Every structure is written in C-alpha cells, then in structure tokens.
Amino acid sequence: MAVSKKSGILFFMNRRLLMTSIVLGASGAAFFPSRRAVGADLPHLDVKDPAAVAQGYAEDAALVDQKKYPKFVKGSSCDNCLLLQGKEGESYRPCDLFPGKSVSAKGWCNGWSAEI
Ligand code: SF4
C-alpha cells in the first residue's frame, strides 16, 4: 500500500502532537498535586449517602447511638481514626473509607480504627 507524501506528513504531525501531549501531561502531574490529597476541596460526606448510612456515619460522634453501634468507644472520632487523611486541624478531611469525600473531624462511623 502506497502512502502519499501528504498522509505521511499528517501521520508524522499526529505522532508529534501525541508525544508532546504525553510529555506535557506528565510534567503537569508533577506540578499539580493530586486532588485526593486536598481535603478542603472535597465535598462533605452526606449522612444520608447510602455508603455513609451503611457505616452509621455521624457528623458528630456525640450523636452516635451506642446501642445500635456497640463498637463505639467513648472518645473515639474521625480525628483519632487511622483512616483519616489530610491536614491536622482541618474540620473536614479525606477518609480512606469514603473516597472522593471529606468527613467531619468530629464525626464517627462503624469503620473507626484506632490510630497506631
Ligand atoms: Fe471517620 Fe474513621 Fe469512619 Fe472515616 S473510617 S468516617 S475517619 S471514623
């Protein structure tokens, strides 16, 4: 199959554009931090979200029904949970159990795990 000079140039230009896009994309990732790590930007987990309901998430650990969640230990909260991520002192932070959402540092859910 013969390739015309014009289509050969287009192929070369498309390949060049593709390589430029890959290089720019890789360097851009190095300059801009992952959004996952920025808790303040994440939407707050709604207590009515099915995933939150399934884990008994409460925005305030003081509101946890201890009969319904016997695992609850007085004094436990998201703030002292192993799964809480993000910056210390922020009122809402990412949680490994609820990707893409932030949870209240004063909150609690049945997935609570003591910090080591
Ligand atoms: Fe809070 Fe831990 Fe439950 Fe995440 S897993 S919502 S940090 S108690």
Side-chain angles (χ1 to χ4, degrees):
M1 184 173 149
V3 178
S4 72
K5 189 175 180 179
K6 189 175 179 181
S7 65
I9 290 170
L10 284 175
F11 172 75
F12 176 75
M13 290 303 289
N14 284 340
R15 188 170 167 208
R16 188 176 188 173
L17 185 63
L18 175 67
M19 295 306 288
T20 302
S21 298
I22 290 170
V23 170
L24 287 176
S27 62
F31 286 106
F32 299 104
S34 164
R35 292 193 58 80
R36 183 176 180 268
V38 185
D41 290 348
L42 295 174
H44 296 178
L45 177 64
D46 188 332
V47 292
K48 292 177 184 162
D49 183 302
V53 171
Q55 290 294 332
Y57 172 71
E59 287 245 306
D60 187 343
L63 302 176
V64 173
D65 181 346
Q66 295 183 31
K67 285 183 181 165
K68 192 172 180 182
Y69 298 103
K71 185 182 167 186
F72 178 78
V73 178
K74 195 170 184 176
S76 63
S77 69
C78 294
D79 204 30
N80 54 25
C81 176
L82 182 65
L83 302 178
L84 191 67
Q85 304 298 314
K87 210 188 287 182
E88 187 83 25
E90 288 188 345
S91 54
Y92 281 84
R93 296 164 57 186
C95 166
D96 282 347
L97 199 59
F98 302 104
K101 304 284 182 174
S102 62
V103 298
S104 168
K106 293 190 316 185
W108 185 88
C109 88
N110 211 26
W112 182 86
S113 300
E115 286 180 316
I116 297 171

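Not measured: the values here are computed from a predicted model. Atoms within a ligand are numbered from 1 in the order they appear, just like the ligands themselves.
Taking 2.8 Å as the limit, the number of protein N, O or S atoms around atom 2 (Fe) of ligand 1 is 1.
Counting only residues at least two apart or in different chains, side-chain hydrogen bond (donor to acceptor under 3.5 Å, both in side chains) contacts with residues 50-62 comprise Tyr57-Glu59, Glu59-Tyr92.
A salt bridge is absent between Asp46 and Lys101: the closest approach of a Lys/Arg side-chain nitrogen to an acidic carboxylate oxygen does not fall below 4.0 angstrom.
Contact check for Leu63 versus Trp108: no side-chain heavy atoms found under the 4.5 Å cut-off.
Between Ser102 atom OG and Arg93 atom CZ the span is 11.0 Å, to the nearest 0.5 Å.
Near Phe98, the atoms of ligand 1 lying under 4.0 angstrom from a non-hydrogen atom of the residue are 6 (S).
Take Phe98 and apply the ring-ring contact (aromatic ring centres under 6.0 Å, His included) test, not counting sequence neighbours, and it matches no residue.
Other members of the cluster containing Val73 do not exist, because no ILVMFWY side chain is joined to it at under 4.5 Å.
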